[in-house]
Amino acid sequence: MTAPAQPKKIVAPTVSQINAEFVTQLACKYWAPHIKKKSPFDIKVIEDIYEKEIVKSSQYLENYLWMNYSPEVSSKAYLMSICCMVNEKFRENVPAWETFKKKPDHFPFFFKCILKAALAETDGEFSLHEQTVLLLFLDHCFNSLEVDLIRSQVQQLISLPMWMGLQPARLELELKKTPKLRKFWNLIKKNDEKMDPEAREQAYQERKFLSQLIQKFISVLKSVPLSDPVTMDKVHYCERFIELMIDLEALLPTRRWFNTILDDSHLLVHCYLSNLVHREEDGHLFSQLLDMLKFYTGFEINDQTGNALTENEMTTIHYDRITSLQRAAFAHFPELYDFALSNVAEVDTRESLVKFFGPLSSNTLHQVASYLCLLPTLPKAEDTTFDKEFLLELLVSRHERRISQIQQLNQMPLYPTEKIIWDENIVPTEYYSGEGCLALPKLNLQFLTLHDYLLRNFNLFRLESTYEIRQDIEDSVSRMKPWLSEYGGVVFGGWARMAQPIVAFTVVEVAKPNIGENWPTRVRADVTINLNVRDHIKDEWEGLRKHDVCFLITVRPTKPYGTKFDRRRPFIEQVGLVYVRGCEIQGMLDDKGRVIEDGPEPRPNLRGESRTFRVFLDPNQYQQDMTNTIQNGAEDVYETFNIIMRRKPKENNFKAVLETIRNLMNTDCVVPDWLHDIILGYGDPSSAHYSKMPNQIATLDFNDTFLSIEHLKASFPGHNVKVTVDDPALQIPPFRITFPVRSGKGKKRKDADGEDEDTEEAKTLIVEPHVIPNRGPYPYNQPKRNTIQFTHTQIEAIRAGMQPGLTMVVGPPGTGKTDVAVQIISNIYHNFPEQRTLIVTHSNQALNQLFEKIMALDIDERHLLRLGHGEEELETEKDFSRYGRVNYVLARRIELLEEVKRLQKSLGVPGDASYTCETAGYFFLYQVMSRWEEYISKVKNKGNTLPNVTEVSTFFPFHEYFANAPQPIFKGRSYEEDMEIAEGCFRHIKKIFTQLEEFRASELLRSGLDRSKYLLVKEAKIIAMTCTHAALKRHDLVKLGFKYDNILMEEAAQILEIETFIPLLLQNPQDGFSRLKRWIMIGDHHQLPPVIKNMAFQKYSNMEQSLFTRFVRVGVPTVDLDAQGRARASLCNLYNWRYKNLGNLPHVQLLPEFSTANAGLLYDFQLINVEDFQGVGESEPNPYFYQNLGEAEYVVALFMYMCLLGYPADKISILTTYNGQKHLIRDIINRRCGSNPLIGRPNKVTTVDRFQGQQNDYILLSLVRTRAVGHLRDVRRLVVAMSRARLGLYIFARVSLFQNCFELTPAFSQLTARPLHLHIIPTEPFPTSRKNGERPSHEVQIIKNMPQMANFVYNMYMHLIQTTHHYHQTLLQLPPAMVEEGEEVQSQDTELETEEEAMPAPADIMPTLMDASSSQEASASQTEPTSNETETTSSQTGADSNPEATPAESKITATAAGPVATPAENNTPPDATSAPGETK
């Protein structure tokens, strides 16, 4: 082999590495922020970089390209470089416009250059590939209308004046339709006349830009041949152009004017007749995009008003079109008389239109079209220039009958089939790079109508679940190893836990269709399988419940027995997969063939291995398949199935959610009027803020929110607080506050004096302290009180939450979001006792935290209810689930009736008043009330006589009943005080009977189900559930008549858009209006968004955008909590730049744990640079499965060092940004630490994404990447990573890579200000008394690299063992009196000797570490889990294995061997050779 070729063989990514080096050198010379002396700007640098096609360089756009841009230096390479960089930022989901906002002066000129370049001839300066880049840039501009700078430029392209591009007759027709537009049109013409010619020419250019772009596209499209080779540049240009058109049509501000232009250009007709559509391979994606464009051009909306059109209005529009065509035919074309006189239903199908218009000549067709203002008039004696095919298609496609959108949706099968599952334009693979465009809907800022909003979410949710289904099918079917048997059938060479071969399949029922539908109401089938499997798997199959979804699969393998499956090759052809159909379990059949119902009764024991399941098939899918079989002679799909596959119940709720969305689209979605426009993204974003709501409440009782009057005054800075009582002793909480309510109207015309008065009045709060009425003499009668001193922003959030309207609270890490939420709930509960509040969270964990805090406040627990499966995790004996509450009510009823019995006895009333709630009610009415009224008449003021204090106690009728209360009940100090006590006693008694009255229903309702429904609908005031539960159970809740007035959502920024929306509609409207009064969302959009597994849906469709984030982008007002109490102030600085003035609560400076230094470590946070270890940085054994051995070993070494100093292991968590690294670190922990009692295991080893919402005192973080920054470029991930630690954060990374990344600069500039080598103080034990920031009295040691740290930890460990040994030796010289203890010491000593023996010699430590580590990497790459198990399973080396579960021998070895433990036998990978020190 020749010498030059060799490097290519050794170093795989040569070009990218060389280019990366080239860019790094340029960066260091011209724009890197950490370089002090930069070279001056040089235009040639930009030309060079553009030629080499390097656009991924960090800070190039911010610090070089845009900073130096001006009209003088503008060139093609310059323009294209900026566009490429912006597109790249959008591809990586990173804010792109910040740089332009900072220096906006030259943007208008730059934008005009882009427009000019986009229209340039393709054979000129700009190639078609470059123009495709420009189209993508323009698309990003149109999708960023919330940015003022962009909007100001884009508005000039899309507004009423763009109708200049219409043909005159069409323009006249449009202006006639909407008379007010003619006024505006005349104004525009007048203004144009006043402009100077150059400016007018420029304006005309901009207005006609999109019309000219469409014409350019049509010319490119027509140049695509039918069968000859075509360059992919042309195809990509066409795809991107249609994508741009779809995005313009799907936004109301752009659609309003553009839809008419698009219609007038007949773009769709040109496209459907083009050669590209008929090219099978190249045109597939183009056709799919075209269908989307067709859908949006005919969307059911009035372009001018933005109102959704009803079914009737759409029909009217269709009839108007046909009748105007018939009138034109009747008046001018005698050959069309038959057409003109027919009824509409007879002529509006494609077939009949072709029959009538097909025979006409091209010229006649052109004349018909020009009468309808579709084409310019044809001059006499001239022939048309259009093809007959085009003219015919133009007329037919415009006038044929449309199937309505909702009808299409209802006829759509909900389960994906093999056609969709493996179509990569719709469901891309996990390796989607973001380069091409896809036939997917996008979630941006605005939507056309609620129907459009739901439909886009429906499609994306369906496709995201399809992606997960594909992964499951590929995993299960390949495990079953279907091979071709010798006799031509199928033989399964393997087995899968989640799939079984089908023994028999029969369709047992096809029910008749409903009236007006053409699909059966239901289709049921029986599936028989043979469960000859392990017992626990058999139990899983038998445990399939009603509504669980399974998949029926047909495979016809072509590969002979024994063929190996290769995961890198296409799946379908390897296993011979033919069909996939979904089904829903009804139940398992018993011996007699009846469905075994779910219920409390034990399930019958079935004999044998054979089991039959009754399943529901999708009726729409069944109808389509049968039609295909009958009409086209295709085979019957339902006779071919040979595999049934189930899925994990947690991931298998997609069908229920899709049905919920479809049902919502079929009902009149009633969203409160004050929310409607905001949800669609239009109108005034602050219109739902409480200050603008018409029903604002003036006086609110803040209950126990304030701890004192001083706290109240501090909570309203800038307000004048007037207290209604002057006596300071009476100014104690609870307080009622009256706010000045101002209606938002009629304020505009006011003179200056009036305004001053107004502001003075607006700043005055009237505070009225009030006393909570005495609740009774028992200690438990005293209300529970809030103890948190809320900050003034938290108080603003609580105030906003109590007022009607939309409240959005942004809660940075550690700012007390949950406390605010709980206080809002409590205050609403006390202010509006008749209202019901729904709590929705993303996770069960958050719901549990909320519930635990709610229980600590003054809320009656009979009013709390928890729906869903998470209530088991509540750290309390109380059960808040539906059946738990039923049991509570029944038990409480018995307790209360006992109290009634005691009261009856104390009053000496005969009979059995405590038999039922009803008898107790009569007892209260006739016996208790009469005594109380008599008592009141005796002790109340009689005329002028002064009331006697002793009378209050003397005449009190319930002394005997309250004998068990703390005595004396009456103090005898004053009449008022004793009277209040007496009334408190009566309130206590009255409450017993009020509760019993509420519990009466449980006596009348007999079954647990009925009682639980009653509780849900009538009794509970605070109902909590997860967003998933709400989506699954909407149908049931609405059917029950569930009602609520307020919604509070926690973790709102982590909930999918659609799962945030569904909880608004869990009730039927009242008289056509929603009864929803408040919607409180609490979240943090600067942390990670909802988890979307497929990159394409996440990035391209923006499916990860939560509704919370969208509202923030639209400009809905938020309350930003601004004081954190979780982390040291220095750690908070690493992420507080992302928030509006986030500060610290006082205790963060005052408490000793925050002011004390971290023992053994010089700094409280440090970025530690990790260079390549043995020549390797990051490695990628599988795609996206990144590992970095050097960092993993370093992190574990620091963890061991901290544990050896005395840090509790459970106070340390290890985080990383990639799954691959997580598995590697877990494996190293298993080897190095095992179950060693001197070290222990960290609290958690997990990914940053999984650790969101949690915290720990010390965080060790590994950033893994060394070639590219990767997904840490998403600042939200950085914020989560930086904000998990309370006291110490130690980050291991390749500093040169991350410090160059523009998005991470604010954090990394602080991190790199400290030394990049680890500074430790080995002689300082934990805990230390040293203050944070003080110079230590002990010696500081600097660790240069990972091997040095590993060596150091080894020596430290050995030293610790020896000193402990020595200590025990001295203990052995004890006097005889302490023999027992001595014996114990001796046994420990022997154990320590074994420990010492098992440790390798110091000289051998490094080889051991290297070998173990390298074999470790091998094992991580060998035993890589399948793609859909990446997050949940560990590599087989035992990353997740519990140390307790290992065999005794290996346990001893691991314990004894210390930091560099011998791998336990069951963990040793096959290729790991023992190092010399391990042979012991």
Salt bridge (Lys or Arg N to Asp or Glu O under 4.0 Å) involving Asp625 - partner list, sequence neighbours excluded: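 Salt bridge (Lys or Arg N to Asp or Glu O under 4.0 Å) list for Asp625, sorted by chain: Arg581.
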
Stepwise salt bridge (Lys or Arg N to Asp or Glu O under 4.0 Å) test for Lys355 and Glu351: CA-CA 6 Å; Lys355 189 181 86 181; Glu351 293 74 33; over 6 Å; no

For the side chain of [X] and the backbone of [Y], is there at least one donor-acceptor N/O pair under 3.5 Å apart?
X       : Y       : value
Arg662  : Leu409  : yes
Arg1110 : Glu1057 : no
Gln446  : Leu252  : no
Asn1094 : Glu464  : no

Close side-chain approach of Glu174 to Trp257, heavy-atom, < 4.5 Å: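 No, side chains not in contact.
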
Flag for Asp423-Gln288: side-chain donor and acceptor within less than 3.5 Å: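 Yes.
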
Passing option when Asp348 is tested against Arg321, Arg402, Arg398, Arg401 for salt bridge (Lys or Arg N to Asp or Glu O under 4.0 Å):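 Between Asp348 and the candidates, salt bridge (Lys or Arg N to Asp or Glu O under 4.0 Å) is satisfied uniquely by Arg401.
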
Return the [atom1] to [atom2] distance between [X] and [Y], rounded to the nearest 0.5 Å.
X       : Y       : atom1 : atom2 : value
Lys1043 : Leu1066 : NZ    : CG    : 11.5 Å
Ile246  : Phe295  : CD1   : CZ    : 11.0 Å
Ser287  : His284  : OG    : NE2   : 8.0 Å
Phe1111 : Gln1105 : CZ    : CD    : 10.5 Å
Arg256  : Asn302  : CZ    : CG    : 9.0 Å
Ile1055 : Thr1060 : CD1   : OG1   : 5.0 Å

Step-by-step salt bridge (Lys or Arg N to Asp or Glu O under 4.0 Å) determination, Asp247 to Lys442: CA-CA 8 Å; Asp247 287 352; Lys442 295 178 185 174; 2.6 Å; yes

Axial cation check for Tyr272 ring with Lys294, 6.0 Å and 45° limits: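 Verdict for Tyr272: a cation-pi partner in Lys294.
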
Audit row: Glu517, Lys512, salt bridge (Lys or Arg N to Asp or Glu O under 4.0 Å) steps and yes/no: CA-CA 10 Å; Glu517 294 175 354; Lys512 287 179 181 173; over 6 Å; no

